Amino acid sequence: MLGAAIFNWKNWGIRTRLILITLLPVIYMFCSIVWYSYHSRLQEARTELAERAYVVSTALAESVEYNLLSKNMPGLRSTMTDVMQSDHSIFRIDVLDIDKKDIVHIISARRVQSDESYVEVPIKKQMVWVNILKDPTNAGLAARSMDGEKKAGKDSDIIGYVRVTMSPTRIQEKHSQRFQFELALSALALLVSAMVAVFLSQSLTYPLQRSIETLREIREGDYSTTLELSTGGELGDLQTSINTMSVSLQQAKQDLENKVQERTRDLLESRNDALKANAEKRKLIQKVHTIVEDERKSIAIEIHDELNASLIAARLESQRILHLAAQMTPGAVADEIQERAKAITTLTLDLYANGRNLVRRLRPEVLDMLGLQGAVEDMLRHYNSNAQGCQFHFDSEGDFSQLDNALAISAYRIIQEALSNVLKHAQATQVEVALTLMPEQQVLQIEVSDDGVGFDIGHSTAGIGITGMRERVAAFNGEFDLHSANGQGTQVTIRLPLTAA
């Protein structure tokens, strides 16, 4: 885990990097100094121990010569004891003969550690030759010979050895104390360096952290925030730049809000104008439909009152001719007159029936007599009696007697146009017409669905029939939904508000 964190050093923060940059050289120097001081003190202790062992051995070899020659063991031991007491670093002193066999030895009574190495110095016998001849004639020569022999006649023979074994305990304690003191100073310096590194990193990262927090607030949309200038140099320039950027963004935001408000006002005005135009358009469509219905009513009245009356009169005249022809003398002329009279009667009856159908299409009288529900039922009854291979079903729910006349006429025309489209294009066998009055929602809902061939709405252009239905629905601010697909039939759902918006 630690190794992964170390290898992922690119994700370290600035504070961590600054502390490491500051402390790594100091730690390296601390370890180097501690290692050097430790080995240096250890080497000094070894050198000092060797030098002292040599000095003590040399001095002791000179001082025990007489006692060793005279076999004075108590004096020899006393001298060795005095030397050991004078230097607490001595662990053992051995006096050996010329064959390096132990003669006498003493060991320190103190609890000290013995060194594996020792220093061994030979004990040399010093000999002086003196001429004791009393010849006067040779007195001068004897005196000169004795003086020369004193100078050059000295000779030394090894009579034994002194072996001194030192103890490093005391010297190591002294150097250990020095090393501990140096280690404490180095640790103190390391601690001070760490504190300085933390302080310097804090003085650098705190302004950066405040700058980052301010930038986050600006990113979240709070452009009014300002950053207190807490330092100089590059960080001070950064803080000043952030404050300048905040002011600029605040000004840009204000300008943008002003532009948005102006644009919103323009859009609201355009929307109001569009709504006003749309309302005027709906009023115009309603007025056009009213005028069309009035004109249809006028045409229907004229057909009913004038054309149908004329057809009735023509039928009566043809029947009178037929009656008169029956009273004539039988013959070819009389028979032809009778045939012509019957043809005129049949023709007038057909024209009268067509006139009645035309009047019903122009102005459904059943709508005034039976209301919307009865008019739609009569329409479907007429389609069922005349359409071949297609059945029309009607379902209604609600009381339609209180419907507005204009709304009832528009609903009737919408259903009439929808069924006309079914007969022309759908090739359907079953057609469902549902008329529902929803008093809670104040909505009249019309549903016309068939099982015909359907069509692709996205790739087909709306015909005049659908466009006319849409315009009638839009005139009442209603909803028009058309669903169809190839081979899945067509469903038209229309919702007309009972109260004009």
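The first residue of the sequence shown is numbered 1, and numbering continues consecutively from there. These numbers were taken from a predicted model, which means no experiment stands behind them.
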Novice: Among D450, I415, I446, whose side-chain contact (heavy atoms from CB on, under 4.5 Å) with V433 holds?
Specialist: I415

Novice: Can you list the steps and then say if V422 with Y383 is a side-chain contact (heavy atoms from CB on, under 4.5 Å)?
Specialist: CA-CA 11 Å; V422 170; Y383 281 136; over 6 Å; no

Novice: Using only atom types and a distance under 3.5 Å, with no angle test, would you say the side chain of S37 pairs donor to acceptor with the backbone of I33?
Specialist: no

Novice: Report yes if some heavy atom in the side chain of F181 is under 4.5 Å from a heavy atom in the side chain of Q177; otherwise report no.
Specialist: no

Novice: Which heavy-atom pair separates F480 from R470 by the least distance, and what is that distance?
Specialist: CD2-NH1, 3.4 Å

Novice: Check step by step if side-chain contact (heavy atoms from CB on, under 4.5 Å) holds for D378 and R381.
Specialist: CA-CA 5 Å; D378 182 70; R381 192 180 305 113; 3.4 Å; yes

Novice: Decide yes or no on side-chain contact (heavy atoms from CB on, under 4.5 Å) for Q261 and R263, but give the supporting numbers first.
Specialist: CA-CA 5 Å; Q261 290 177 357; R263 184 59 178 166; over 6 Å; no

Novice: Less than 4.5 Å apart, any side-chain heavy atom of L444 and any of L372?
Specialist: yes

Novice: Tell me if a side-chain donor or acceptor on S32 pairs with a main-chain N or O of Y28 at a distance below 3.5 Å.
Specialist: yes

Novice: For atom CZ of F394, is the number of surrounding heavy atoms from other residues, nucleotides or ligands below 6.0 Å larger than 12?
Specialist: yes

Novice: Got a donor-acceptor contact below 3.5 angstrom from the Q488 side chain to the A485 backbone?
Specialist: no

Novice: Answer yes or no: is there a side-chain heavy-atom contact under 4.5 Å between V492 and H483?
Specialist: no

Novice: Under the 3.5 angstrom rule, does the side chain of S410 hit a backbone N or O of L407 as a donor-acceptor pair?
Specialist: no

Novice: Rounded at 0.5 Å granularity, tell me how far CZ in R265 sits from OG in S270.
Specialist: 13.0 Å

Novice: Do you know which two heavy atoms are closest between W35 and H39, and how far apart they sit?
Specialist: NE1-NE2, 2.9 Å

Novice: Locate the shortest heavy-atom distance separating I466 from N421; write the atom from each residue and the value.
Specialist: N-ND2, 4.1 Å

Novice: More than 12 heavy atoms of other residues, nucleotides or ligands under 6.0 Å from CE of M29: yes or no?
Specialist: no

Novice: A side-chain contact here means heavy atoms from C-beta on lying under 4.5 Å apart; do V473 and I414 qualify?
Specialist: yes

Novice: With rounding to the nearest 0.5 Å, note down the distance linking CG in L419 to CZ in F392.
Specialist: 5.5 Å

Novice: Answer whether the closest heavy-atom distance between the side chains of R271 and E269 falls below 4.5 Å.
Specialist: no

Novice: Answer yes or no: is there a side-chain heavy-atom contact under 4.5 Å between V34 and F179?
Specialist: yes

Novice: Roughly how far, to the nearest 0.5 Å, is OG1 of T436 from CD of E397?
Specialist: 5.5 Å

Novice: Find the distance between CG (L496) and CG (D404) and round it off to the nearest 0.5 Å.
Specialist: 11.5 Å

Novice: Measure from the side-chain N and O atoms of D451 to the backbone N and O of A428, and report whether any donor-acceptor pair falls under 3.5 Å.
Specialist: no

Novice: Does Q402, at its CD atom, have more than 12 non-hydrogen atoms belonging to other residues, nucleotides or ligands within less than 6.0 Å?
Specialist: no

Novice: Is it the case that the side chains of Q445 and E447 hold a donor-acceptor pair, with the cut-off being a distance below 3.5 Å and no angle test?
Specialist: yes

Novice: Drop me the distance from Q430's CD to H393's NE2, to the nearest 0.5 angstrom.
Specialist: 4.0 Å

Novice: Identify the two heavy atoms, one from R495 and one from V443, that lie closest to each other, and give their separation to 0.1 Å.
Specialist: CB-CG1, 3.8 Å

Novice: With a 4.5 Å cut-off on side-chain heavy atoms, are F30 and L183 touching?
Specialist: yes

Novice: From R340 CZ over to I337 CD1, what is the distance, rounded to the nearest 0.5 angstrom?
Specialist: 10.5 Å

Novice: Establish, from distance only, whether the side-chain atoms of E262 and N258 form a donor-acceptor pair under 3.5 Å.
Specialist: no

Novice: Can you check side-chain contact (heavy atoms from CB on, under 4.5 Å) on T490 and V453, steps first, answer last?
Specialist: CA-CA 8 Å; T490 303; V453 295; over 6 Å; no

Novice: Heavy-atom distance under 4.5 Å between the side chains of V431 and C390, does that happen here?
Specialist: yes

Novice: Looking only at side-chain N and O atoms, does S396 offer a donor or acceptor that is under 3.5 Å from a partner on Q373?
Specialist: yes

Novice: Do you know which two heavy atoms are closest between P497 and G478, and how far apart they sit?
Specialist: CD-CA, 3.8 Å

Novice: Can you see which heavy atom on S484 is nearest to which on G489, and at what distance?
Specialist: OG-O, 3.0 Å

